[in-house]
2 protein chains.
Amino acid sequence: MLLLAPISLSAARPELWQDLPDPQHHASQQDLCTADALSPSRLIVAGWACRCCSHADKRRQILGFLLPGDFVGRVLLPDLPLPYGVVALTALKTVSARPLVEAAANPDSAALARAVRLTAHLDDLLLFNQLMRLGQQTARERVVHLILELHERLGWVGLTRDDRFAMPLTPDVLADALGLSVVHVNRALQQLRTDGLLDVGDGTVALLKPEQLQDIAKWTSLSGTLKQ
Amino acid sequence: MLLLAPISLSAARPELWQDLPDPQHHASQQDLCTADALSPSRLIVAGWACRCCSHADKRRQILGFLLPGDFVGRVLLPDLPLPYGVVALTALKTVSARPLVEAAANPDSAALARAVRLTAHLDDLLLFNQLMRLGQQTARERVVHLILELHERLGWVGLTRDDRFAMPLTPDVLADALGLSVVHVNRALQQLRTDGLLDVGDGTVALLKPEQLQDIAKWTSLSGTLKQ
DNA sequence: CGACGAGTTGAACTTTGTCAAGCTTCGTGG
DNA sequence: CCACGAAGCTTGACAAAGTTCAACTCGTCG
C-alpha cells in the first residue's frame, strides 16, 4: 500500500508516484486539457505545465504552474469541466492518477484521502498566493515571490540543490503568469541580478540571499500552513 | 425534501435556504471567520461579506464577495483551515448550512449533492474571474467586470431590478478587491458615469448600457459555463 | 556569411499611486 | 436648533510604476 508524506501528493516521495500506470509523454506547448473539457485524472512525473486562461484578444493569464508531483485538473471536482486549460511548458511525462484517487475513496486509507484533500487545499493556497501577487505586489516583489514559491514546491520533490533549481520558463511565460509585460519582467530580473540577490539564466535560478529575498516578497512558507 | 435550482446553492430559490436553522446576526466589519481557523458551515441569507487576506503591512486583498445564498468558507474542505478570513461588509444574517451539507451526503439526494459541487465550482470560477481582472485588465475594465459579475450573481437570487441593484460597498472596499487605489477606483467610476455607461451612487448601481459595458469588460456570463 | 529569433536595453508614453486640499455628511454638544 | 469637528468621499497635481515600440546584441542555423 502507498505511504504518503503528510503534506500532499506533491510532497509524497517521488518513487511512489513514478510507478503509476499508463505513462504518457507530451511535447512542449501541447494542451493536456482544453478549457471547459473534463480534465484527465493524471499526475505529472516530469516537466512543467501551467493552468492558463486565454481570453480572446491574445491576452492570456497563467493561473499557476504544475510541477512534478502535481495533479492535472482538480482532484475534488473531477466530473465538472475545467474552467481553464492546461498546457505543457516543457516536454512532459504524466501517469494515470486513477489508482491513487480510487484508493483514496477506500475508507481504509485515511492517510491517502487526507493527502488528496491537502492537495486540493494546496491548490487553493497557490491560487491565493497568485492573487496576492497580482493584486498587491510590485513587479519586483511578484518576481521574487513566484520564484520563492517555485523553490519551495520543487524542494518538496527533491528538485532543488543549495537554493538553486531548474526553471524552464521563457520570459514571456513568466510575464503572463505575473501579469506584467515581458520587458518589465526582464527589467525586474536584471535589477535583482545586479543587486546580487539572485542569479537567473539559462534555465536555472540561484537564490543568492534567501532571507533578503523573502523579505522583499513578504514570503511566508507554504509548509507552515500545510502542516496544520 | 429540498428542491434546488440546477445551478448552485446561490441559485436555489431563496425561500429554500431562508428557513434553515440557527439564524445569527453579525454587525458590519465583524469577522465571520479568521484566517487559518476552521470555517463555520453557514449560509448567508442577507447582507454582504468578503473573503479577505490581510498581509501585515496594511495592504489587504479581497479575494471575492459573498452574497445572499453563498456559503461561508469552502464546501468541499470543511475540515481544513481557511487560508483567508471572512468579514462582514454590512449587517449580516446567516443560517446553519449543516442540514444541507448532511442531506447532500445522503446518496438519495443526488441533485443536492450536485448543487453543492456546483457551488464549489462556482467559487473556482469567481476566483478565476478575479485573477483575470487583477492580472489582465485595466482599472476601467476591472470595475466594469466586477460590477457585471455582481449583477449576474445578484440576479440569481432576485436582488436586481431592471439592471439596477444595491451595492453596499465603500470605495476602499472596492479598491482592495480590484487591487487599485481608492483614488483610481473613483476616477474610473467617475469616467464611466460621465460616459453615461453606468450610474453609481449611494449604494446602488444602474447599468445604463449593458451591452457596451459587457464589451468593455469582455464579460462572459457565468451561467453559460455553469449550465454545462 | 547573412538571416533569423530570442533576449536585452533605451526612450517616450500611459496608467496608476500618492499626497494634499476641498467637499460632504453626520453625529455631538453647546 | 445650530455650530463644530471628525470621518469619509472626491478632486487635482505631481510622482512613480509599467507598457510600448524600436533598436541592438548575440548565438544558431541555413
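Reminder, nothing fancy here: chain letters follow the sequence lines and each chain counts from 1. Atoms considered below: every heavy atom in the structure, side chains included; atoms not considered: hydrogens, waters and symmetry mates.
Minimum interatomic distance between A/Arg153 and A/Leu66 (heavy atoms only, all atoms of both residues): NH2-CA, 4.2 Å. For the residue pair B/Leu150 and B/Met167, the shortest heavy atom distance occurs at CD1-SD, 3.9 Å.
Side chains of A/Gln190 and A/Arg187: no donor on one and acceptor on the other come within 3.5 Å. Looking at A/Thr160 and A/His151, their side chains never bring a donor and an acceptor atom within 3.5 Å of each other.
In this structure, A/Leu189 places its CG atom 13 Å from P of D/dG18, rounding to the nearest Å. Rounded to whole Å, the distance from CZ on A/Arg142 to C1' on D/dA17 is 10 Å. Rounded to whole Å, atom P of D/dG18 lies 13 Å from atom CD of A/Gln136. In this structure, B/Leu134 places its CG atom 14 Å from P of D/dG18, rounding to the nearest Å. Distance A/His184 NE2 to C/dT16 C1': 12 Å, rounded to the nearest Å. In this structure, B/Gln191 places its CD atom 11 Å from P of C/dT16, rounding to the nearest Å. Atom CZ of A/Arg187 is separated from atom C1' of C/dT9 by 8 Å (rounded to the nearest Å). In this structure, A/Leu180 places its CG atom 5 Å from P of D/dT19, rounding to the nearest Å.
Considering only the side chain of B/Thr138, C/dT16 comes nearest among C/dG17, D/dC21, C/dT16. In the set C/dG7, D/dT10, C/dG10, D/dT10 carries the atom at the smallest distance from any side-chain atom of B/Asn186. Listed nucleotides: D/dT19, D/dC9, C/dG17. Nearest to the side chain of B/Pro171: D/dC9.
In terms of phosphate contacts, A/Gln190 brings a side-chain nitrogen or oxygen within less than 4.0 Å of OP1 or OP2 of C/dT9.
A salt bridge is absent between A/Asp123 and A/Arg74: the closest approach of a Lys/Arg side-chain nitrogen to an acidic carboxylate oxygen does not fall below 4.0 angstrom.
Nucleic acid contact for A/Asp172: none, since no nucleic acid atom lies under 4.0 Å from a heavy atom of the residue. Heavy atoms of B/Gly179 sit under 4.0 angstrom from primed sugar atoms or phosphate atoms, though from no base atom.
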